[in-house]
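The structure presented is a predicted model; accordingly, all values stated were derived computationally and were not measured. Just so we're on the same page: letters track the sequence lines, and every chain starts at 1.
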There are 2 protein chains.
Amino acid sequence: MTSRRPRSEPGSDNAFGAPSARKRATINDIARLAGVSKKTVSRVINRSPFVKVETRDKVNAIIKELGYRPDPQARGLAFRRSFLIGMIYDNPNPQYVVNVQQGILDAVRDSGLELVVHPCNRASPGFLDQVQAFVEQLKLFGVVLTPSVSEDDDLVAILRDLDCPYVRVASVSLDDAERMIVTHDAAGAAEAARHLADLGHRRVAFISGLPSFRSSHERRRGFAEGLAERGLELKERYVVEGAYTYDSGVACARKLLAMDVPPTAIFTGNDEMAAGVYTAARDAGVSIPGDLSVIGYDDSPMAARLWPPLTSVRLPIRDMGRFAAEKLIVLANAESDTSARHPEVRPGLAVRESTARPR
Amino acid sequence: MTSRRPRSEPGSDNAFGAPSARKRATINDIARLAGVSKKTVSRVINRSPFVKVETRDKVNAIIKELGYRPDPQARGLAFRRSFLIGMIYDNPNPQYVVNVQQGILDAVRDSGLELVVHPCNRASPGFLDQVQAFVEQLKLFGVVLTPSVSEDDDLVAILRDLDCPYVRVASVSLDDAERMIVTHDAAGAAEAARHLADLGHRRVAFISGLPSFRSSHERRRGFAEGLAERGLELKERYVVEGAYTYDSGVACARKLLAMDVPPTAIFTGNDEMAAGVYTAARDAGVSIPGDLSVIGYDDSPMAARLWPPLTSVRLPIRDMGRFAAEKLIVLANAESDTSARHPEVRPGLAVRESTARPR
DNA sequence: CCCAGTATGGAAACCGGTGTCATGATGGGT
DNA sequence: ACCCATCATGACACCGGTTTCCATACTGGG
């Protein structure tokens with residue numbers, strides 16, 4: 001033996017193993033059994049109106065009998081488009097991510113669409129190239145973007161360029177209405193503000209998230225507006241910049257609690273930072289809600305487990321995912337049905353025991 | 001944002017008489033420009049050894065120059081298999097799900113494989129049919145199963161039948177070693193047991209998860225074994241059956257704390273139930289860790305935010321996902337490389353302030 | 001220098017669908 | 001009765017890859 005190489009080219013000189021054995025019915029089988037051409041079967045599958053009812057029923061009967069389902073890959077190849085929805089996210093909140101995924105899948109149930117996930121990091125080099133490769137390679141049916149990538153205009157420009165339908169989930173409208181799921185963060189923050197004002201708080205503080213997140217500004221703005229509605233003002237000295245992390249929540253709360261005239265209530269940009277406020281308050285001997293009321297944002301599972309249970313702004317995250325996918329389907333089908341419902345996402349306040357009247 | 005990419009602008013000079021900037025290059029373009037047949041290009045792509053080095057380099061140069069990437073749909077159609085990995089899960093813990101997803105994607109980075117997620121509900125009618133349709137329809141490259149679906153032998157039988165490679169993540173080995181990521185829940189629970197025993201606890205209790213979850217039994221077994229190592233016994237009366245939920249944690253802890261001789265330490269099947277223990281303890285005026293030590297399982301993000309911070313068994317979840325995908329690739333490629341590393345998942349204990357010596 | 005044997009490359013079929021266009025059947029208007 | 005618009009259907013090329021099968025170039029031994 002001079003060489004270990006087989007003398008003739010083996011069947012699978014590819015990198016991946018052998019395919020499976022059993023055969024599923026194809027469109028040709030259906031056509032043959034129904035006594036029509038494959039094109040007609042294709043028409044039936046795609047609900048073309050140019051098929052006689054009689055023919056359609058016959059074909060459908062055979063399809064049902066054989067349990068035939070068209071091959072998405074072959075269909076996609078011919079359509080120059082896949083039946084995959086991409087979810088691109090960089091949100092560090094697992095609960096958020098999983099619920100949006102669930103919502104998207106709620107919307108596409110039985111439609112033959114599936115969900116491909118693509119976590120990413122906006123700060124990493126080559127981020128845009130990777131996302132472009134992802135979308136272009138898979139010829140995605142459409143893409144759902146969640147914060148904060150949903151705020152990235154360069155990314156959106158790429159999607160436009162690729163002619164890939166997309167829907168953005170964001171705190172405020174950044175695009176055409178049919179491409180947006182707006183979470184109205186300002187409204188949620190305003191509700192928190194009114195709740196505190198109505199309890200009688202006058203000195204209220206805000207711990208913001210990272211300024212690179214649109215939501216940070218929206219929540220601050222809404223909070224200030226909600227206070228203004230009640231004749232109160234969000235004082236500059238009571239606004240501290242956090243980073244959406246627990247540690248930053250601790251640090252910011254320390255600063256606030258160490259002031260000569262500390263606030264009697266703190267609203268934080270998310271629940272993680274609110275948990276940080278709890279820790280700082282405990283360390284400073286400040287009791288919640290006796291000495292300090294706290295409101296978070298997200299109503300994460302943790303909120304109800306903290307002590308005292310945390311009042312927090314709640315979002316219908318799963319619904320948001322569902323709405324996003326529904327809009328995506330409308331976009332991808334180029335349905336110009338402007339009568340389509342435009343369900344609005346409205347944040348609400350989950351009131352728990354971390355808020356009370358000030359002493 | 002950061003980098004502006006040189007995507008072919010309308011006016012930019014195109015080195016070649018490149019078709020429209022829109023169209024992506026196909027294998028035919030590569031073949032033509034390289035002066036070879038498409039089959040040769042195909043060989044290069046699939047790393048066939050039957051190509052002259054010279055030819056291969058030339059083809060690769062053109063591929064690189066045009067930024068050509070083969071179309072997964074067309075390739076999949078010919079291969080009778082897609083390049084999608086499915087993740088099937090019914091785990092309600094978002095952190096778990098997201099981290100496994102991340103881990104899988106860590107493993108397939110740059111391999112051209114993508115991840116399709118499929119949450120499901122084992123209790124719903126048609127569950128098996130839906131999963132089968134999912135796998136069969138997409139001709140999945142492979143599937144990763146996490147608890148508790150990973151414990152479903154009917155599901156596994158279907159995957160076998162479909163010749164779909166799969167890897168199961170589970171608390172204990174249920175299959176061939178090359179198809180399993182074992183999380184050794186018993187070992188994690190044993191570590192919790194030893195920790196409590198070493199602190200001096202004698203009356204220790206266990207709140208189990210649902211008996212339909214394998215992990216419930218494993219954690220109980222391991223806990224008992226860990227205690228036995230220290231000459232202690234897990235008394236039947238100190239074992240209560242919960243349901244992996246916060247509410248069940250509260251209820252079970254109430255029962256335990258109301259006993260004539262209550263335990264001085266409680267180990268729970270997950271962190272959610274541990275949070276329930278906190279609530280019950282607070283209601284009963286029992287202080288943690290003064291009167292009661294508590295250990296959870298999962299080390300969820302919440303664990304460190306509770307007060308006192310919860311000692312919990314930690315799993316390298318993201319690594320588990322990565323290992324699973326790596327094994328899947330080995331399986332799918334039918335690599336009989338038995339020398340492949342078999343990294344073991346070992347749970348560890350994140351010791352925090354919820355555990356202390358008993359009074 | 002001839003020939004067998006092995007590398008290497010190519011034409012054509014194929015994977016399972018869809019698009020384009022032609023054709024036959026139908027039916028209303030004049 | 002005839003014409004043309006419309007409906008219903010099919011033949012065939014095509015999407016972008018891989019595989020089958022064969023032709024050719026190259027190699028070394030006798």
note = Here the distance between atom C1' of dT24(D) and atom CZ of Phe50(B), to the nearest Å, is 17 Å
task = Would you mind reading off the distance between Asn28(A) atom CG and dC14(C) atom C1', rounded to a whole angstrom?
result = 11 Å
query = Which nucleotide in the set dG17(C), dG10(C), dA11(D) lies at the smallest distance from any side-chain heavy atom of Ser37(B)?
reply = dG10(C)
task = Give the rounded distance in Å between these two atoms: CD of Gln137(B) and C1' of dG17(C).
result = 13 Å
message = At 4.0 Å (heavy atoms only), tell me whether Lys39(A) reaches a base, stays on the sugar-phosphate, or touches nothing.
response = base
inquiry  = Can you measure Asp71(B) atom CG to dT18(D) atom P for me and round it to whole angstrom units?
reply    = 10 Å
ask   = Base, sugar-phosphate, or nothing for Asn46(A), non-hydrogen atoms under 4.0 angstrom?
value = sugar-phosphate
Contacts of type salt bridge (charged side-chain N to carboxylate O under 4.0 Å, His left out), residue Arg43(A), not counting sequence neighbours = none
query = Within the structure, does a side-chain N or O atom of Ser42(A) lie under 4.0 Å from either OP1 or OP2 of dG17(C)?
reply = no
task = Could you please name the option among dG9(C), dT9(D), dA11(D) that lies closest to any side-chain atom of Val51(B)?
result = dG9(C)
ask   = Nearest-Å distance, CD1 (Ile30(A)) to C1' (dT18(C))?
value = 16 Å
Listed nucleotide nearest any side-chain atom of Lys38(B), set dG17(D), dT20(D), dG10(D) = dG17(D)
query = Under 4.0 angstrom, heavy atoms only, what part of the nucleic acid is Val41(B) near: base, sugar-phosphate, or nothing?
reply = nothing
query = With nearest nucleotides of DNA chain D determined for Val53(A) and Leu77(B) from heavy-atom distances, which residue corresponds to the more 5′ nucleotide?
reply = Val53(A)
message = Could you check whether Glu178(B) pairs with Lys327(B) (Lys NZ or Arg NE/NH1/NH2 to Asp/Glu carboxylate O, under 4.0 Å)?
response = no
query = Reckon Thr55(B) has a side-chain N or O less than 4.0 Å from the OP1 or OP2 of dG9(C)?
reply = yes
task = From the options dG17(C), dG10(D), dT19(D), select the nucleotide whose nearest atom is closest to the side chain of Ala78(A).
result = dG17(C)
ask   = Between Asn333(B) and Val330(B), is there a donor-acceptor pair closer than 3.5 Å when you use the side chain of the first and the backbone of the second?
value = no
query = Salt-bridged, Asp71(B) to Arg24(B), with N to O below 4.0 Å?
reply = no
inquiry  = As a test of reading the structure: which of dG17(D), dC15(D), dG10(C) is closest to the side chain of Thr40(B), going by heavy atoms?
reply    = dG10(C)
request  = Check Asp176(B), Asp175(B), Thr146(B) against Arg168(B) for a side-chain hydrogen bond (donor to acceptor under 3.5 Å, both in side chains) and give me the one that passes.
outcome  = Asp175(B)
note = Regarding the side chain of Arg75(B), the nearest nucleotide among dG10(D), dG17(D), dG10(C) is dG17(D)
task = Please determine, for the side chain of Pro70(B), which listed nucleotide (dT18(C), dG17(D), dA8(D)) has the closest atom?
result = dG17(D)
request  = May I ask you to say what Pro49(A) touches in the nucleic acid, namely base, sugar-phosphate or nothing, with a heavy-atom cut-off under 4.0 Å?
outcome  = sugar-phosphate
ask   = Roughly, in whole Å, what's the span from NZ in Lys52(A) to P in dC7(D)?
value = 14 Å
query = For the pair made of CD in Gln73(A) and C1' in dG17(D), what is the distance, rounded to whole Å?
reply = 11 Å
task = Side-chain contact test, heavy atoms from C-beta onward, threshold under 4.5 Å: evaluate it for Pro119(B) versus Gln101(A) and give yes or no.
result = no
message = From the set dG9(C), dG10(D), dC7(D), return the single nucleotide nearest to any side-chain atom of Arg43(A).
response = dG10(D)
task = Send over the distance from Ile27(B) CD1 to dG16(D) P, rounded to a whole Å.
result = 11 Å
